[in-house]
Amino acid sequence: MTLGQMNLHADFARVIDAALGALETAGTLPGGLNRGAVTCEPPRDPSHGDLSTNAAMVLAKPAGTNPRALAAVLVAELEKEPRVVSAEIAGPGFINLRLTDDSWRGELALIATAGADYGRSDMGGGKVVNVEYVSANPTGPMHMGHCRGAVVGDALADLLAYSGHKVIKEYYVNDAGAQVDVLARSVHIRYLEALGRDVGAIPEGLYPGDYLVPVGQALAAEFGDKYADAPEADWLITFRTKAVAAMMDMIRDDLATLGIRHDLFSSEAQLQASGKVDEAESWLRAHDLVYDGVLEAPKGKTLEDWEAVELPLFRSTRFGDDQDRPIKKSNGAWTYFGADLAYHFQKAQNADALVDIWGADHAGTVKRIKAAVAALTSADGGTAKPFEVKLVQMVQLLRDGEPVKMSKRSGNFVTLSDVVDEVGKDVVRFTMLTRKPDAQMDFDFAKVVEASKDNPVFYVQYAHARICRNIRKGADEGFVPSSENLSLLGEEELALVKLAAQFPRMVEAAAVAREPHRIAFFLHDLASAFHSFYNLGNDRPEKRFIVAQDPVMSGARLFLAQQIGQVIKNGLALLGVEAASEL
RNA sequence: GCGCCCGUAGCUCAGCAGGAUAGAGCACCAGAUUCCUAAUCUGGGGGCCAUGGGUUCGAAUCCCGUCGGGCGCGCCA
């Protein structure tokens with residue numbers, strides 16, 4: 001049995017499929033029906049049963065019968081499954097299944113056996129997926145604008161790994177564009193300052209942030225006044241390299257406060273130096289995907305300095321873009337797109353699939369890069385390498401309801417580490433993960449700081465801590481979690497198990513949809529169900545986890561609590577949030 | 001003008017690759033701890049799922065139009 005099969009929901013999807021197969025063999029159903037739309041999931045209303053399938057409804061038409069008639073024969077087939085207590089037809093043709101209590105008790109035991117692996121699956125089949133995220137320009141510390149993509153990308157990468165993919169977490173360092181020259185000049189000012197020169201105000205157009213002060217000091221310590229009066233050409237490259245390295249150290253530290261650690265940092269400058277970009281261009285030219293041409297003036301805005309110049313253009317209009325895109329500038333340097341194209345080609349050679357996490361402000365470039373990657377990776381006439389761009393919408397930063405304008409140029413921004421220091425990693429991560437990534441969100445700094453005690457993350461963590469505390473208390477009284485007498489667990493307890501048992505399918509669905517936020521919502525639901533059950537013990541002492549004078553019942557209940565805690569812990573781990581045993 | 005994303009309760013958001021009576025948190029109201037920490041629980045009010053069509057057994061969900069909001073539309077990155 002593989003990991004992907006070891007849970008009840010996956011099992012019953014197969015039971016239903018087998019039942020349909022039996023009907024085909026018997027001639028009741030025509031062969032070759034597409035069962036892709038058949039579902040097997042818990043009904044929204046638990047009173048309808050444990051599992052529900054729409055098989056009769058989606059197959060009735062192609063089978064030339066009506067839903068309820070098909071449901072009747074399918075029910076007869078499903079009732080042969082020993083774990084099925086009842087199979088009922090409901091509404092327009094749903095089939096609702098009730099399973100034996102023992103099958104749920106078995107699932108509970110399975111959670112204990114699987115432990116940290118409960119929910120893990122082999123769905124990905126070991127395929128290598130490269131997830132590129134953050135990739136902020138190395139010109140300053142991480143700010144809140146980067147935060148969402150960082151958290152979503154990291155959680156998605158972990159989710160894919162947990163679902164049976166081999167994941168490479170990658171950061172693309174844009175250390176080759178004009179912005180790093182600006183950085184080098186900004187650092188040179190700080191270098192002069194460190195040497196005691198009067199530099200006055202930081203000139204317009206350079207980065208004014210204080211974070212460059214120590215970089216200037218380090219350069220002064222290393223080089224003395226060697227470059228103080230030297231022409232820019234003498235120091236630009238050296239300063240650029242040193243400054244980028246310093247910025248990347250800072251960024252790595254910032255990411256570490258969120259628990260984010262990339263496997264691979266790829267340098268744009270190194271990529272260009274290696275000749276990979278030229279190779280990509282040659283290949284594209286040979287395949288008539290790059291040609292020399294002249295662009296039309298941009299629409300929708302007027303540019304005084306617009307000039308028509310011949311440039312090497314990528315035929316992105318063939319792939320739905322509204323304009324062909326230059327891969328080189330008139331000065332011969334690569335455009336961002338030109339280098340990016342080669343970069344993706346290189347990534348594709350080392351992975352079975354690519355996922356990029358981008359900010360929504362880059363949405364306009366998705367078509368061209370997807371087109372380029374599709375063209376490059378199907379070079380040998382094969383199928384193109386799967387490549388998805390996941391857009392993470394903007395976070396509107398507010399302070400007491402007032403928008404905070406952020407600009408690195410002006411030095412006015414809310415840094416990531418400020419926020420993490422203030423509210424903590426878990427709150428930041430959970431907040432970013434409790435909404436779907438393709439909707440905009442507001443992040444009111446003051447509000448989040450103030451309301452951090454009410455953050456849903458504590459609700460979930462509290463459930464876990466509560467469980468740990470009870471297990472400790474049980475141990476103090478000599479009660480140990482035990483799976484010996486799970487038959488003592490009744491309807492209310494099994495309702496908890498049924499919810500927890502959905503974790504594996506939630507993980508798979510979240511991985512397929514690339515939506516880690518589903519895990520966060522599931523955990524909230526599970527914590528809520530747990531807190532509810534826990535409070536039953538207020539009025540009904542016999543429902544407590546620790547029942548005085550009853551080690552057998554206490555053992556079974558504590559076992560239940562332990563497994564619920566395990567599932568919460570597994571889910572939190574996926575989100576990169578701590579599952580503390582004390583709050 | 002064009003492209004992408006969004007529009008669900010007073011507010012912030014879910015709604016599981018179309019499914020049964022649209023949910024949660026916050027806020028508001030009313031309750032529950034001699035008993036495992038109340039960082040919890042129970043109950044209540046509150047929604048023409050922006051809007052108009054279409055697809056089908058069935059639509060908040062898919063398609064088209066309209067309105068409203070965001071982002072983008074340079075040889076920038």
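Here is the naming used below: chain letters follow the sequence lines, and residue numbers restart at 1 for every chain.
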Please work out which residues in residues 64-75 of chain A have a non-hydrogen atom less than 4.0 Å from an atom of RNA chain B and list them by number. none
Under-3.5 Å N/O pairs linking protein and nucleotides 4-6 of chain B:
{"residue": "B/rC5", "atom": "O2'", "partner": "A/Gln393", "partner atom": "NE2", "Å": "3.4"}
{"residue": "B/rC5", "atom": "O2'", "partner": "A/Asp438", "partner atom": "O", "Å": "2.6"}

Does B/rC75 have its OP1 or OP2 closer than 4.0 Å to a side-chain nitrogen or oxygen of A/Tyr336? no
B/rA22 and B/rC16: how far apart are their P atoms, nearest whole angstrom? 15 Å
Which residue pairs pass the ring pair (Phe, Tyr, Trp, His ring centres under 6.0 Å) test when at least one of the two sits in residues 535-556 of chain A, sequence neighbours left out? A/Phe530-A/Phe545, A/Phe533-A/Phe545
By the rule that syn is within 90° of 0, classify the base conformation of B/rU8 as syn or anti. anti
Within the structure, does a side-chain N or O atom of A/Arg518 lie under 4.0 Å from either OP1 or OP2 of B/rC16? no
Kindly indicate whether the side chain of A/Asn96 and the base of B/rA20 share any N or O donor-acceptor pair separated by less than 3.5 Å? yes
I'd like a table of atom pairs between the protein and nucleotides 25-31 of chain B - only N or O on both sides, under 3.5 Å - with the distance next to each one.
none

Please give the stem ranges for RNA chain B, sorted by first residue number, where a stem is three or more consecutive Watson-Crick or G-U pairs and both donor-acceptor distances are under 3.5 Å. B:1-7 with B:67-73, B:10-13 with B:23-26, B:28-32 with B:40-44, B:50-54 with B:62-66
First encountered from the 5' end of RNA chain B, between A/Thr434 and A/Pro326: A/Thr434
For the side chain of A/Thr39 and the base of B/rA17, is some donor closer than 3.5 Å to an acceptor across the two? no
Looking at A/His9, A/Arg98, A/Lys498, which hits side-chain hydrogen bond (donor to acceptor under 3.5 Å, both in side chains) with A/Asp50? A/Lys498
Can you sort out the partners of A/Ser581 under side chain to side chain contact (heavy atoms under 4.5 Å, CB included), two or more places apart, ordered by chain and number? A/Cys468, A/Arg472
Report yes if at least one side-chain N or O of A/Arg469 is closer than 4.0 Å to OP1 or OP2 of B/rU37; otherwise report no. yes
Would you indicate, yes or no, if B/rG15 has its OP1 or OP2 atom less than 4.0 angstrom from a side-chain nitrogen or oxygen of A/His517? yes
Measure the distance from CZ on A/Phe530 to P on B/rA39 and round it to the nearest whole Å. 15 Å
